[in-house]
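Some notes on the structure that comes next.
This is a predicted model, so every value here is computed, not measured. Position 1 is the first residue of the sequence; numbering continues from there. Both backbone and side-chain heavy atoms feed into the values below; hydrogens, waters and symmetry mates do not.
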Amino acid sequence: MKEIIIILAEIVNDIHDLLVDMFGFHMTDKQLHFWIIGIIGMVTFFFVHFFFKIIEKMKWSTTILSFIYTFTVMVVLVFAIELQQAITNRGNMEFADAVMGLWGFIVLFLIYAVLAIIVYFLFKGFRKRK
C-alpha cells in the first residue's frame, strides 16, 4: 500500500514537471491544484452525469445510485483508515486490507440485494393471487 502511494505521488510529480517543461507553466501549488483538480473534476462530472442519466431510466435506479455512492464513500474510508495506520504506526498499511474491507461491503450488499429481490417477488406473487 505504501509503495502504491509512493508510485502515485511520483506520477503526479512527473505530470507536474511535464506541464512545466512543455508549456512553461510556472504556477504555485495552489494555482496548479486549482486548474488540474478543477479540470479533473469537470471531466469526472460529465462522465458520471452521462452514466447516471442512463441509470436513472432503470427500474431500481435509486438503489443502484445509492450503491455507487456508498461504494465511493467506502473506498475513501478504507484508504483513509490505511493512511491513518501508516501515520500512527498502529497497524500495517496494506492494499490487501483495503480490498478485503471493500469485499466485505460488496458481499453484505449482495446478501441484502438477494433478500430484497426475494421479498419483492414474494409480495408481487401475493398481489397477483388477490
Through direct or indirect side-chain contacts below 4.5 angstrom among Ile, Leu, Val, Met, Phe, Trp and Tyr, which residues connect to [X]?
| X | result |
| --- | --- |
| Tyr69 | Val73 |
| Tyr120 | Trp60, Ile117, Phe121 |
| Ile87 | none |

Given the rule in the side chain to side chain contact (heavy atoms under 4.5 Å, CB included) test, do Ile68 and Ile55 qualify, once you have shown the distances and angles that lead to the verdict?
CA-CA 11 Å; Ile68 291 169; Ile55 291 171; 3.7 Å; yes
Output all residues satisfying side-chain contact (heavy atoms from CB on, under 4.5 Å) with [X], sequence neighbours left out; order by chain, then residue number.
| X | result |
| --- | --- |
| Leu77 | Met74, Ile81 |
| Phe34 | none |
| Ile15 | Ile11, Leu19 |

ring-ring contact (aromatic ring centres under 6.0 Å, His included) partners for Phe47, two or more places apart
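Phe47 satisfies ring-ring contact (aromatic ring centres under 6.0 Å, His included) with Phe51 once adjacent residues are dropped.
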Who passes ring-ring contact (aromatic ring centres under 6.0 Å, His included) against Tyr112, sequence neighbours left out?
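Expected list: Phe109.
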Using the ring centroid of each side chain, check whether Phe52 and Phe45 are separated by less than 6.0 Å.
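Not close enough - the centres of the two rings lie 6.0 Å or further apart.
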Tell me whether [X] shares a hydrophobic cluster with [Y], the cluster being built from Ile, Leu, Val, Met, Phe, Trp, Tyr side chains joined at under 4.5 Å.
| X | Y | answer |
| --- | --- | --- |
| Phe50 | Met42 | no |
| Val107 | Val78 | yes |
| Ile54 | Ile64 | yes |
| Phe67 | Ile111 | yes |
| Phe95 | Met100 | no |

Might you point out which heavy atoms bring Glu82 and Glu94 nearest each other, and give the distance in Å?
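Closest approach of Glu82 to Glu94: OE1-N, 3.0 Å.
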Applying salt bridge (Lys or Arg N to Asp or Glu O under 4.0 Å), which residue pairs with at least one partner in residues 33-43 are found, sequence neighbours left out?
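Those involving residues 33-43 do not exist here.
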Would you list the pairs meeting salt bridge (Lys or Arg N to Asp or Glu O under 4.0 Å) in which at least one residue belongs to residues 55-79, sequence neighbours left out?
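Non-adjacent pairs meeting salt bridge (Lys or Arg N to Asp or Glu O under 4.0 Å): Lys53-Glu56.
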Calculate, to the nearest 0.5 Å, the distance between atoms [atom1] and [atom2] belonging to [X] and [Y] respectively.
| X | Y | atom1 | atom2 | answer |
| --- | --- | --- | --- | --- |
| Ile7 | Glu10 | CD1 | CD | 7.0 Å |
| Trp103 | Leu108 | CH2 | CG | 12.5 Å |
| Leu110 | Leu115 | CG | CG | 11.0 Å |
| Thr70 | Leu65 | OG1 | CG | 10.5 Å |
| Phe79 | Leu83 | CZ | CG | 8.5 Å |

List for me each residue that meets side-chain hydrogen bond (donor to acceptor under 3.5 Å, both in side chains) alongside Gln85, sequence neighbours excluded, and say none if there are none.
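Scan of Gln85 (side-chain hydrogen bond (donor to acceptor under 3.5 Å, both in side chains), adjacent residues dropped) gives none.
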Qualifying residues under side-chain hydrogen bond (donor to acceptor under 3.5 Å, both in side chains), relative to Thr44, sequence neighbours excluded
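In terms of side-chain hydrogen bond (donor to acceptor under 3.5 Å, both in side chains), with neighbours along the sequence ignored, Thr44 is linked to no residue.
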